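Scroll down for the structure; my scribbles are underneath it.
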Amino acid sequence: LDIRAMASHIRVLEKLLNDLRDQDSSGKEANLVEGAIRDIMKSHPEAEHCGRFCGLHSAIAQLQEDANSPELARQGLLQAAQVLLAADLGTIRYSTQLHEPEPGQKTSARLQLSRRQCLEILAAGFFGVLHRRWSEGTADPGNGDMPGFNFSKLWQYDSERWETKNFVLMAVLIFFGQASRLSDEILDENLTITRKALGRPELPNSDLGFCPVELMEDGVSIHSFGGKEHLQADFANSYLGGGVLSGGGTQEECMFTEFPELLAIIYVTERMLPHEAVEIQGARRYAEHTMGGRHAWSEQFCRATEIGAPIDAVALDAVSFGRKGPHKQYWPDYIQQDIRKCSAALLLPEMDKTFRRKFVTGLWGCGAFRGEPELKLLIQWISCSMEPSIQSMVFCPFDQKQKLIAKGLLRVLEVIGQASVKRVLDILEDARFAKSNDTFAFVLSQFEEAS
């Protein structure tokens with residue numbers, strides 16, 4: 001951080017704080033904040049490309065229209081400015097990539113951020129003090145392979161063009177407002193980031209069976225399963241957060257909008273390698289929203305909710321077949337790569353080998369990554385069954401339950417539930433399966449032939 005620039009930023013933020021405290025500033029918050037951000041951004045090379053701040057204005061206005069919390073945006077802006085003035089951003093540490101372990105081996109590295117530090121990072125991003133472009137990480141090897149972290153696209157988000165509210169920036173403001181009500185004890189709680197790496201998995205014993213599967217109804221959210229006994233899946237990009245800072249609306253982006261502290265984790269987390277997954281313990285839910293669905297403008301909302309209990313979640317990025325071609329997902333090497341990724345995600349971050357938990361997941365890699373839901377279900381079920389700490393797999397089909405049942409899901413659960421993991425792995429590695437495009441039909445046909 002440039003100390004001279006920081007001195008200038010402090011003067012800007014102190015003035016903003018005084019202006020926001022002035023009773024006559026009511027209704028002028030967006031203009032005041034835009035002016036402060038533009039002054040801060042003058043220290044960045046791309047300051048002239050800030051563009052319109054229509055997204056900032058719309059997010060503040062949309063929150064102020066909420067009859068349940070009309071003052072939340074103002075409270076949040078005051079909190080963010082106050083926190084940033086007191087922040088020590090020079091002490092931030094990072095979660096960096098781990099070397100690939102030997103076959104059958106595993107390693108991990110832990111990083112802790114307090115809830116207060118997450119608030120400081122997000123406040124610094126919101127006001128433009130922290131502004132990392134996507135190219136900066138890869139251009140300089142000394143910086144690591146870090147994701148971009150800046151709010152430019154959220155400041156400029158055009159709600160009229162996209163016909164959706166600026167959910168992500170609204171959630172950030174809600175988090176700021178909610179944080180103003182938190183005790184010091186809760187602000188000083190830690191979020192633990194555990195980067196887990198796994199060598200090529202060893203083949204399972206021939207007598208290893210499958211773990212139970214709990215099939216949920218359509219509409220049941222992965223994120224409704226809290227507590228240490230549940231590990232929630234984050235269908236991640238290799239760069240944590242994916243397109244959330246552009247306002248995107250996939251499963252990961254929706255999750256980060258409900259749990260805004262996760263947005264701060266983006267800043268400190270280097271890109272995941274194929275043998276890595278990142279588990280995050282301790283994030284809380286601050287907002288609820290309709291992001292990711294198709295709703296009329298009048299039905300869209302992002303609003304404060306009762307602050308939730310801490311959750312455990314794990315980011316795992318599936319192989320993307322958008323450019324490779326969806327037919328390649330049936331090739332053995334790619335199946336093994338996804339099994340390895342999922343197996344890394346399921347590893348316990350602690351050394352307590354007696355603790356068991358449920359993995360709550362769903363249509364991993366089945367959206368933009370073009371994965372087949374039936375194959376991804378089997379890959380995750382195999383991985384869960386190979387990990388001793390997993391008690392069962394809780395599968396949330398989003399809106400695909402009837403389609404999966406029509407494909408033979410219930411029969412698959414019955415037949416495979418009585419088979420060995422090795423037997424199913426052998427079927428998926430059969431050369432004929434690589435030419436298939438219907439996982440359930442092929443697997444069931446192999447069991448029927450054998451019987």
Side-chain angles (χ1 to χ4, degrees), residues 97 134 145 147-148 168 196 198 218 221-223 231-257 262 265-266 269-280 291-294 313-346 359-384 393 395-401 403-404 407 409 428 433-440 442:
Q97 294 169 349
W134 274 96
D145 195 354
V168 181
K196 305 180 286 189
L198 181 67
D218 284 345
S221 171
I222 291 171
H223 312 306
L231 177 63
Q232 298 182 14
D234 164 21
F235 303 157
N237 189 286
S238 59
Y239 292 99
L240 212 64
V244 68
L245 293 179
S246 300
T250 66
Q251 187 264 0
E252 181 174 37
E253 285 89 344
C254 289
M255 180 182 187
F256 279 47
T257 304
L262 297 177
I265 308 301
I266 296 172
T269 306
E270 193 172 13
R271 180 178 69 89
M272 291 185 287
L273 296 172
H275 56 270
E276 295 181 311
V278 174
E279 181 165 339
I280 304 160
M291 182 181 182
R294 296 180 179 179
V314 65
L316 63 162
D317 54 308
V319 177
S320 176
F321 295 100
R323 293 183 179 177
K324 291 182 175 68
H327 65 283
K328 292 185 179 179
Q329 67 187 295
Y330 305 101
W331 295 5
D333 286 351
Y334 288 124
I335 291 173
Q336 287 295 335
Q337 187 174 332
D338 269 344
I339 288 175
R340 183 181 188 181
K341 173 67 69 170
C342 190
S343 297
L346 299 175
F359 182 49
V360 189
T361 187
L363 304 176
W364 174 51
C366 297
F369 288 3
R370 304 288 299 278
E372 183 204 72
E374 302 96 89
L375 178 56
K376 283 297 193 287
L377 185 151
L378 285 189
I379 285 172
Q380 293 179 95
W381 194 8
I382 288 168
S383 302
C384 287
M393 180 175 79
F395 193 82
C396 301
F398 189 58
D399 62 356
Q400 298 293 305
K401 184 174 182 179
K403 288 184 179 179
L404 289 168
K407 286 276 191 177
L409 173 59
L428 296 182
F433 179 66
K435 300 175 183 178
S436 169
N437 61 358
D438 192 333
T439 299
F440 286 175
F442 184 85

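Keep in mind the model is a prediction, meaning the values are calculated, not measured.
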Q. Quick one: are Glu279 and Leu231 in side-chain contact, heavy atoms under 4.5 Å?
A. yes

Q) Which heavy-atom pair separates Ile266 from Leu240 by the least distance, and what is that distance? A) CG1-O, 3.5 Å

Q: State, yes or no, whether a side-chain contact exists between Pro332 and Leu428 at a heavy-atom distance under 4.5 Å.
A: no

Q. Is a side-chain donor or acceptor of Gln337 paired with a backbone partner of Asp333 at a separation under 3.5 angstrom?
A. no

Q. Taking C-beta and beyond as the side chain, do Arg271 and Asn237 meet within less than 4.5 Å on heavy atoms?
A. no

Q) When rounded to the nearest 0.5 angstrom, what distance separates SG in Cys342 from CZ in Phe359? A) 4.5 Å

(Q) Using every non-hydrogen atom in the two residues, find where Phe433 and Leu375 come nearest and quote the distance to one decimal. (A) CZ-CD1, 4.1 Å

(Q) If the condition is side-chain hydrogen bond (donor to acceptor under 3.5 Å, both in side chains), which residues does Tyr330 pass it with, not counting sequence neighbours? (A) Glu372

Q.
Give me the atom names and distance for the closest heavy-atom approach of Asp338 to Val319.
A. OD1-N, 3.0 Å

Q | Gap between atom NZ of Lys403 and atom CD of Glu374 - 0.5 Å precision | A | 10.5 Å

Q. Is there side-chain contact between Leu409 and Lys401, with at least one heavy-atom pair below 4.5 Å?
A. no

Q.
Keeping Gln329 on the side-chain end and Gly371 on the backbone end, is there a donor-acceptor pair under 3.5 Å?
A. no

**Q.** Distance-minimising heavy-atom pair for Ala345 and Lys196
**A.** O-NZ, 2.6 Å

Q. Take atom CZ in Arg340; do more than 12 heavy atoms of anything else shown fall under 6.0 Å from it?
A. yes

Q) Is the Phe235 to Phe369 ring centre distance short of 6.0 Å? A) no

**Q.** Considering all heavy atoms, the nearest Ile280-Ile265 contact
**A.** CD1-CG2, 4.0 Å

(Q) Distance check, rounded to the nearest 0.5 Å: Tyr239 atom OH versus Met272 atom CE? (A) 11.0 Å

Q.
Walk me through whether Val168 and Phe256 qualify under side-chain contact (heavy atoms from CB on, under 4.5 Å).
A. CA-CA 8 Å; Val168 181; Phe256 279 47; over 6 Å; no

Q) Taking the side chain as C-beta and beyond, is there a heavy-atom pair between His275 and Leu198 under 4.5 Å? A) no

Q. If you round to the nearest 0.5 Å, how far is CG of Leu378 from OG of Ser383?
A. 10.5 Å

Q. Does the side chain of Asn437 reach to within under 4.5 Å of the side chain of His327, using non-hydrogen atoms?
A. no

Q: Taking the side chain as every heavy atom from C-beta outward, state whether Lys341 and Asp317 have any atom pair closer than 4.5 Å.
A: yes

**Q.** Glu252 (side chain) donor-acceptor with Gly241 (main chain) under 3.5 angstrom
**A.** yes

Q | Tyr334 vs Lys324 side-chain heavy atoms within contact, under 4.5 Å | A | yes

Q. Distance from His223 atom NE2 to Cys396 atom SG, nearest 0.5 Å?
A. 9.0 Å

**Q.** Heavy-atom pair with the smallest gap, counting every atom of Leu363 and Phe395
**A.** CD2-CZ, 3.9 Å

